[in-house]
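Treat the numbers as computed from the prediction; the structure is a model and nothing was measured. Both ligands and their constituent atoms are indexed starting at 1 by order of listing.
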Amino acid sequence: MKHLVTLKDWSSEEILQVLDLADELKREPSKYYDTMHRKVLVMIFEKPSLRTRVSFETGMCQMGGDAIYYDMSTSPLGSGKENIHDTIKVLSRYADIVMARLFSHASLEEMVKYGSIPVINGLTNYTHPCQILADLQTVREHKGALKGLTLAYLGDAFNNVTHSLLFGCAKVGMNIRVGCPAGKEYSPDPQVLADAQAFGAISGAEVRLTHDAAEAVKGADVVYTDSWMSYHIPEAELDARVRVFRPYQVNAELMAHANKEAIFMNCLPAIRGYEQTAEVMDGPQSVVFDEVENRLHMHKAVMVHLLNQA
Ligand code: CP
């Protein structure tokens with residue numbers, strides 16, 4: 001049984017295989033119109049979503065299957081009346097595949113342990129692999145390759161997107177520089193960084209952390225940022241976080257340090273004026289809505305890939 005829990009578990013060959021499949025699904029969607037006939041995806045959400053929810057549901061429908069939205073807040077699991085063990089065992093008797101967006105990565109791992117259907121990580125506190133697979137597809141579309149390119153990530157680096165970027169880039173041989181404020185509450189998990197450096201030693205990717213935004217971006221082919229206010233962060237922390245992250249805002253001045261042909265990415269949702277300016281987000285280097293579209297093609301590819309091996 002194959003799952004998508006974190007890109008740390010996937011080989012570079014498997015990542016590239018799914019990227020190729022996503023490209024084919026984008027190019028020739030009609031070839032896959034019946035691939036999921038009578039298949040059912042259950043989507044468990046403990047946090048909000050626009051892209052993940054709608055792209056998975058649309059993707060399953062486009063391939064002839066059905067998707068069920070299961071809201072944790074109105075479930076026995078959410079109210080503490082039922083545990084994860086029993087929940088995933090029940091779902092395994094009804095559905096063919098599960099995608100879950102959960103606060104706790106350990107809960108997702110418990111689903112994998114006790115379920116008997118493929119489990120897809122739709123975002124946890126640790127990683128967001130679906131997002132980064134779609135991002136790698138987007139980079140390859142725009143740049144023609146991945147190996148040897150340099151991606152600069154700016155801003156809040158103690159988050160799932162940074163962790164998955166570290167794993168994903170290092171596995172495919174893309175250099176990654178993380179530019180973030182000093183302090184463990186803003187920096188990647190040290191173990192993730194160490195793992196990515198080990199993967200990079202094999203693939204030839206350089207994996208580096210810096211607190212200097214301009215140094216992170218210098219000569220980069222891809223400039224990437226993410227929300228300063230991830231879903232779990234209380235609004236009361238807004239002002240303090242804006243002060244801390246302001247030097248890492250992606251604006252025209254910072255973009256000028258990157259390669260002239262660099263692309264700008266943000267997995268969204270985004271707030272113009274915070275992690276990037278409107279000028280960058282809506283400017284000619286921005287590919288944010290290509291990233292959005294590729295979530296659809298990539299999620300279809302992930303489901304086909306996992307169910308082919310179930
Ligand atoms: N980027 C992302 O996962 O978007 P949603 O939170 O809208 O699913």
Side-chain angles (χ1 to χ4, degrees), residues 4-7 18-19 22 26 41-62 67-73 78 97-105 107-108 119-139 141 151 153-169 188 222-235 245 250 263-272 274-276 280-282 286-303:
L4 177 55
V5 174
T6 146
L7 295 179
V18 172
L19 292 183
K26 185 169 186 173
L41 163 72
V42 172
M43 308 185 297
I44 303 174
F45 280 94
E46 196 176 12
K47 290 182 179 189
S49 171
L50 168 60
R51 285 144 288 269
T52 306
R53 184 209 164 152
V54 178
S55 57
F56 264 105
E57 186 162 345
T58 302
M60 198 49 158
C61 293
Q62 286 181 353
I68 296 170
Y69 173 74
Y70 192 67
D71 178 7
M72 277 273 284
S73 67
I97 186 162
V98 166
M99 184 276 294
R101 169 166 287 194
L102 305 175
F103 283 106
S104 155
H105 193 75
S107 299
L108 191 88
V119 174
I120 300 170
N121 177 354
L123 181 150
T124 65
N125 61 331
Y126 179 57
T127 53
H128 195 0
C130 291
Q131 177 67 55
I132 274 49
L133 286 173
D135 293 338
L136 293 177
Q137 183 187 8
T138 309
V139 172
E141 263 175 11
L151 181 146
Y153 175 88
L154 277 304
D156 181 10
F158 182 58
N159 68 15
N160 41 41
V161 165
T162 315
H163 292 164
S164 287
L165 278 171
L166 282 163
F167 290 141
C169 291
V222 181
V223 180
Y224 195 121
T225 189
D226 188 13
S227 174
W228 293 346
M229 291 294 289
S230 291
Y231 289 133
H232 62 282
I233 294 176
E235 276 304 302
F245 290 123
V250 181
I263 53 174
F264 168 73
M265 302 179 81
N266 182 328
C267 59
L268 307 185
I271 299 184
R272 291 164 178 80
Y274 282 7
E275 68 272 4
Q276 69 287 290
V280 169
M281 170 102 177
D282 303 315
S286 174
V287 298
V288 297
F289 292 104
D290 293 338
E291 285 179 87
V292 165
E293 179 185 334
N294 285 338
R295 298 293 302 278
L296 171 65
H297 308 301
M298 181 50 72
H299 296 164
K300 290 163 80 172
V302 167
M303 289 189 284

Nearest heavy atoms of Glu275 and Pro269, plus distance in Å
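Scanning both residues, the minimum pair turns out to be OE2-O, 4.1 Å.
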
### Query
Taking all atoms of both residues into account, what is the closest heavy-atom pair of Ser286 and Val280, and its distance?
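Minimum heavy-atom contact is CB-O, 3.4 Å.
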
Answer yes if the ring centres of Tyr126 and His163 are under 6.0 angstrom apart, and no otherwise.
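Yes, close enough.
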
Residues which pass salt bridge (Lys or Arg N to Asp or Glu O under 4.0 Å) with Glu57, listed by chain and number, not counting sequence neighbours:
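In terms of salt bridge (Lys or Arg N to Asp or Glu O under 4.0 Å), with neighbours along the sequence ignored, Glu57 is linked to Arg53.
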
*Applying salt bridge (Lys or Arg N to Asp or Glu O under 4.0 Å), name anything that partners Asp135, two or more places apart in sequence or on another chain.*
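Listed in chain order: nothing, the list is empty.
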
Put together the list of close N/O pairs, under 3.5 Å, between ligand 1 and the protein, could you?
unit_1, atom_1, unit_2, atom_2, d
ligand 1, 1 (N), Gln131, OE1, 3.0
ligand 1, 1 (N), Cys267, O, 3.1
ligand 1, 1 (N), Leu268, O, 2.8
ligand 1, 1 (N), Arg295, NH1, 3.3
ligand 1, 3 (O), Thr52, OG1, 3.2
ligand 1, 3 (O), Arg101, NH2, 2.9
ligand 1, 3 (O), His128, NE2, 2.8
ligand 1, 3 (O), Arg295, NH1, 3.2
ligand 1, 4 (O), Arg51, NE, 2.8
ligand 1, 6 (O), Arg101, NH1, 2.8
ligand 1, 6 (O), Tyr231, OH, 2.5
ligand 1, 7 (O), Leu50, N, 2.7
ligand 1, 7 (O), Arg51, N, 2.9
ligand 1, 7 (O), Arg51, NE, 3.1
ligand 1, 7 (O), Arg51, NH2, 3.0
ligand 1, 8 (O), Ser49, OG, 2.6
ligand 1, 8 (O), Thr52, N, 2.9
ligand 1, 8 (O), Thr52, OG1, 2.6
ligand 1, 8 (O), Arg101, NH1, 3.3
ligand 1, 8 (O), Arg101, NH2, 3.1

Report task. Return the set of residues passing side-chain hydrogen bond (donor to acceptor under 3.5 Å, both in side chains) with Ser55 (not counting sequence neighbours), or none when no residue passes. Result ->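 Ser55: side-chain hydrogen bond (donor to acceptor under 3.5 Å, both in side chains) contacts with His299.
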
